[in-house]
Amino acid sequence: MKRLIAIDGPSSSGKSTTARLVAKELGYIYIDTGAMYRAVTVAWLRACNQNNSIFPESNKEALTIPNESYDSHFILNLLKSIKIELKQSKDGQQTFLNGKNVSDEIREPIVTKYVSPISAISSVRDYLVAQQRELGKNGGVVMDGRDIGTVVFPNADLKIFLIASPEERAKRRTLELLAQGKNATIEEVKQLLIARDNYDSSRENSPLKKAGDSIEIDNSLLTIQEQVEIIVNLTKT
Ligand code: DC
């Protein structure tokens, strides 16, 4: 039987890497739902600035976000004008916005900065949750996010809630950023992670929280391979 596996947890808790490897091990499709919220954020930034490119982080002071851009008409029109597609490749999930590959843009710091408020908007969530349900309806999917086990697939066959200490998460994220040639200190990254966790957990719509029947795995002291093995074994029980 092809199952639906939900992996939720806070930012940088290792969900994506773990989910991708679990999917590979099981021959399932991996779906990173955070990438979908990020793609909407890219579309929103472009629409706000009526400019077809991402603003570099150095321009962030110049970036004014009109209040009306949170207005429901603005968001609903935006959602009507976009198409988000996820394609599987040997390098993992590729995210397309209106036919263009935005897999790199969605990781830009400015997108990370705005994705939490954008993902708290209920019309954005309704729009993406419907697509996520469609993508997972036949099973054979490992889906990661914040609300997969609570809202998107409350009847998922296996629900995992991945956590790690903020220090450990910040350390991992800083190493990733440095490897990409970006400047970052562990303390800065930790503060941003905590702020995003607070935002994601306290929002009204589908906040980040552990489903009652979810299995919590603290991976602060686990290697990726160890946690993948734990999850793969859980699918066999
Ligand atoms: O996993 P990530 O950091 O790429 O997610 C980006 C943001 O998207 C995160 O701050 C919260 C939001 N998100 C969400 O609200 N629900 C999901 N299922 C996935 C992500």
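Computed from a predicted model, the values in this text were never measured in an experiment. Whatever order the structure lists them in is the order used to number ligands and atoms, beginning at 1.
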Atom indices of ligand 1, in the order listed, that fall short of 4.0 Å to a heavy atom of S116: 10 (O)

Hphob cluster co-occupancy, L26 + I217, side-chain heavy atoms under 4.5 angstrom: yes

Test applied, side-chain hydrogen bond (donor to acceptor under 3.5 Å, both in side chains); reference residue, T112; option that passes from R107, R196, R38: R38

Basic-acidic side-chain contact under 4.0 Å: D8, K209: no

Residues E167 and K171 bridged, charged N to O under 4.0 Å: no

contact_flag R125 ligand 1 heavy-atom lt 4.0 Å: yes

Ligand 1 atoms in contact with D200 (distance to a heavy atom under 4.0 Å): 9 (C), 10 (O), 11 (C)

Closest approach of any protein heavy atom to atom 12 (C) of ligand 1, naming residue and atom: S119 OG, 3.5 Å

Verify same cluster id: M143, L21 (apolar side-chain graph, 4.5 Å): no

CA sep, side-chain torsions, deciding dist, call: L97, I82, side chain to side chain contact (heavy atoms under 4.5 Å, CB included): CA-CA 7 Å; L97 173 64; I82 61 172; 4.0 Å; yes

Proximal ligand 1 atoms for R107, defined as those under 4.0 Å from one of its heavy atoms: 4 (O)

Residues R169 and D197 bridged, charged N to O under 4.0 Å: yes

Residue and atom name of the nearest protein heavy atom (relative to atom 4 (O) of ligand 1), distance in Å to one decimal: R38 NE, 2.7 Å

Nearest protein heavy atom with distance in Å, relative to atom 19 (C) of ligand 1: T33 OG1, 3.4 Å

Taking atom 18 (N) of ligand 1 as the reference point, the nearest protein heavy atom with its distance: D147 OD1, 2.8 Å

For atom 1 (O) of ligand 1, closest protein heavy-atom neighbour: R146 NH1, 2.9 Å

Numbered atoms of ligand 1 (with element) below 4.0 Å of V115, judged on heavy atoms: 6 (C), 7 (C), 8 (O)

Residue and atom name of the nearest protein heavy atom (relative to atom 6 (C) of ligand 1), distance in Å to one decimal: R196 NH1, 3.6 Å

Residue Y37 vicinity, atoms of ligand 1 by number, heavy atom under 4.0 Å: 8 (O), 13 (N), 14 (C), 16 (N), 17 (C), 18 (N), 19 (C), 20 (C)

Test: K87 cationic atom under 6.0 Å from F96 six-membered ring centre, within 45° of axis: yes

